[in-house]
**Student:** 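Below are the structure tokens for one structure; questions will follow.
In what follows, chains are A, B, ... by sequence order, proteins preceding strands, each numbered from 1. Reckoned from all heavy atoms, side chains included, excluding hydrogens, waters and symmetry mates.
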2 protein chains.
Amino acid sequence: MAELLSGTLDLLVLRVLNSGPLHGFGIGERIHVLSREALDVEEGSLYPALYRMEAKGWIESEWGQSERGRKAKLYSLTRDGRSQLETERENWNRAALAIRDILDNA
Amino acid sequence: MAELLSGTLDLLVLRVLNSGPLHGFGIGERIHVLSREALDVEEGSLYPALYRMEAKGWIESEWGQSERGRKAKLYSLTRDGRSQLETERENWNRAALAIRDILDNA
DNA sequence: AACAATTACCTCGACAATCTAGGCTTCGCG
DNA sequence: CGCGAAGCCTAGATTGTCGAGGTAATTGTT
């Protein structure tokens with residue numbers, strides 16, 4: 001439930017990782033909580049997204065431990081990832097504003 | 001050029017038609033102009049979207065004339081379409097707010 | 001009259017992102 | 001010991017969008 005806006009997942013993941021390294025499961029939790037339960041990232045979407053982003057060089061991973069002491073793959077932003085975050089943030093702002101315009105003024 | 005947020009096309013079309021009947025080509029133009037060139041709906045996306053929405057009973061069509069006097073298929077909102085517009089508008093507002101939360105507070 | 005550009009609609013195939021629905025291992029706790 | 005939660009993974013189906021084509025009618029231009 002609680003559908004996710006298509007195409008915004010990368011942006012959200014980048015933004016979360018910009019606050020510090022985190023593992024996949026934790027990223028999903030974080031998005032869920034920060035959105036006050038409004039967004040729910042399915043694992044079947046999240047993990048493939050992480051691989052795509054790693055393949056593009058926006059994030060990198062290493063095995064470590066979660067905050068609960070479990071084995072976990074920790075992702076962190078690369079320099080390219082930080083730059084990509086800014087690009088996608090601007091794209092989002094522009095698109096969201098445009099949609100706002102239409103909803104209000106059409 | 002000028003990518004469209006995936007999944008928002010229906011909302012935009014419904015919103016434009018809420019201001020009065022219009023033909024497909026005109027809907028695309030209207031979205032383009034109202035968004036101040038920020039959004040560009042490709043015809044390959046628009047027409048299939050119109051058929052989907054008509055099949056779902058949100059809009060209906062009849063052949064008539066465009067404002068330029070050309071033959072055109074005029075679409076208008078149905079009662080279900082108006083209700084769907086409100087639903088999607090709320091979904092959008094909720095999602096956009098949630099994403100704003102994450103971008104600002106993550 | 002001939003021609004190009006514009007308006008307007010249509011469709012097919014490719015592609016990308018998401019979801020469903022499974023399955024796996026490890027660990028903590030009662 | 002057993003169970004549930006934490007955490008990762010993947011295959012398949014679905015869906016939405018786009019690119020690139022095409023057609024027909026009309027308007028404007030030469």
**Student:** Looking only at side-chain N and O atoms, does R68(B) come under 4.0 Å of OP1 or OP2 in dA8(C)?
**Tutor:**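 R68(B) to dA8(C) OP1/OP2: side-chain N or O found under 4.0 Å.
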**Student:** Could you tell me whether the side chain of S83(B) and the main chain of R79(B) form a donor-acceptor pair under 3.5 Å?
**Tutor:**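 Pair absent, no side-chain N/O of S83(B) close to backbone of R79(B).
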**Student:** Could you give the CD-to-P distance, from E54(B) to dC10(C), as a whole number of Å?
**Tutor:**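 After rounding, the reported distance stands at 9 Å.
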**Student:** To the nearest 0.5 Å, tell me how far R30(A) CZ sits from S19(A) OG.
**Tutor:**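 Result: 6.5 Å between the selected atoms.
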**Student:** Where the side chain of P48(B) is concerned, which of dT18(C), dT11(C), dC9(C) is the nearest nucleotide?
**Tutor:**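 The answer is dT11(C), which lies nearest to the side chain.
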**Student:** Nearest whole Å is fine: how far is dT10(D) P from L50(A) CG?
**Tutor:**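 Rounded to the whole Å, the gap is 12 Å.
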**Student:** Rounding to an integer number of Å, can you tell me how far L5(B) CG sits from dA16(C) P?
**Tutor:**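 In whole Å, dA16(C) P lies 18 Å from L5(B) CG.
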**Student:** Reckon S45(A) touches a base, only the sugar-phosphate, or nothing at all at heavy-atom distances under 4.0 Å?
**Tutor:**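 The answer is base, as S45(A) lies within the cut-off (heavy atoms under 4.0 Å) of a base atom.
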**Student:** For R70(B), report the nucleic acid contact type (base, sugar-phosphate, nothing); a contact means any heavy atom under 4.0 Å.
**Tutor:**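 Base, at least one base atom sits under 4.0 Å.
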**Student:** Quick one: does any side-chain atom of S66(B) pair with a main-chain N or O of A72(B) as donor and acceptor, under 3.5 Å?
**Tutor:**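 Not confirmed, S66(B) side chain does not pair with A72(B) backbone.
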**Student:** So, is Y47(A) close to the dC9(D) phosphate, meaning a side-chain N or O under 4.0 Å from OP1 or OP2?
**Tutor:**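 Answer no for this pair, as no side-chain N or O of Y47(A) is under 4.0 Å from OP1 or OP2.
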**Student:** Pick base, sugar-phosphate or nothing for G69(B), based on heavy-atom distances below 4.0 Å to the nucleic acid.
**Tutor:**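 The residue G69(B) makes no contact with any strand.
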**Student:** S66(A) side chain: which of dC19(C), dG7(D), dT17(D) is closest?
**Tutor:**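 Within the option list, the nearest is dG7(D).
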**Student:** Whether R52(A) contacts dA17(C) is assessed here as follows: a side-chain N or O lying under 4.0 Å from the phosphate OP1 or OP2. Is that the case?
**Tutor:**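 Yes, R52(A) has a side-chain N/O under 4.0 Å of OP1/OP2 on dA17(C).
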**Student:** In this structure, how many angstroms lie between the C1' atom of dG21(D) and the CD atom of E42(B), rounded?
**Tutor:**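 Roughly 13 Å, once rounded to whole Å.
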**Student:** So, are E37(A) and R94(B) salt-bridged, with charged N and O less than 4.0 Å apart?
**Tutor:**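 Salt bridge: no.
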**Student:** Taking atom C1' of dC9(C) as reference, at what distance in whole Å does atom CD of Q65(B) sit?
**Tutor:**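 Roughly 16 Å, once rounded to whole Å.
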**Student:** Any base atoms under 4.0 Å from G26(A), or only sugar-phosphate, or nothing? Heavy atoms, all strands.
**Tutor:**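 Nothing: the residue G26(A), judged by heavy atoms under 4.0 Å, touches no strand.
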**Student:** dT15(D) P sits how many Å from L9(A) CG, rounded?
**Tutor:**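 L9(A) atom CG is separated from dT15(D) atom P by 20 Å.
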**Student:** Closer to the 5' end of DNA chain D via nearest nucleotide, is it T8(B) or W63(A)?
**Tutor:**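 Final value for this comparison: W63(A).
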**Student:** Short question: side chain of S35(A), backbone of I31(A) - any donor-acceptor pair under 3.5 Å?
**Tutor:**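 Yes, because the side chain of S35(A) sits within donor-acceptor range (under 3.5 Å) of the backbone of I31(A).
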**Student:** Name the nucleic acid region contacted by G44(A), choosing base, sugar-phosphate or nothing; use a 4.0 angstrom heavy-atom cut-off, strictly under.
**Tutor:**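 Base contact.
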**Student:** Examine dC9(D): is either OP1 or OP2 under 4.0 Å from a nitrogen or oxygen in the side chain of Y51(A)? Give yes or no.
**Tutor:**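 Yes, because at least one side-chain N or O of Y51(A) sits under 4.0 Å from OP1 or OP2 of dC9(D).
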**Student:** By nearest atom, which of the nucleotides dT7(C), dC9(D), dG7(D) is closest to the F25(B) side chain?
**Tutor:**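 Between dT7(C), dC9(D), dG7(D), the one nearest the side chain of F25(B) would be dT7(C).
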**Student:** Compare the minimum distances between each of dA8(C), dG7(D), dT11(C) and the side chain of E67(A), then state the nucleotide with the smallest one.
**Tutor:**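 Closest nucleotide to the E67(A) side chain: dG7(D).
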**Student:** For Y75(B) and G7(A), find the nucleotide of DNA chain C closest to each by heavy atoms; which residue's nucleotide sits nearer the 5' end?
**Tutor:**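 In this pair, the answer is Y75(B).
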**Student:** I need the NZ-P distance between K71(B) and dT27(D), as an integer number of Å.
**Tutor:**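 K71(B) atom NZ is separated from dT27(D) atom P by 14 Å.
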**Student:** As a test of understanding, state which of R70(A), K73(A), E67(A) forms a side-chain hydrogen bond (donor to acceptor under 3.5 Å, both in side chains) with H23(A).
**Tutor:**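 The passing option is E67(A).
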**Student:** Whole angstroms only, please: what is the CD-P distance between E43(A) and dA5(D)?
**Tutor:**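 Distance, rounded to whole Å: 14 Å.
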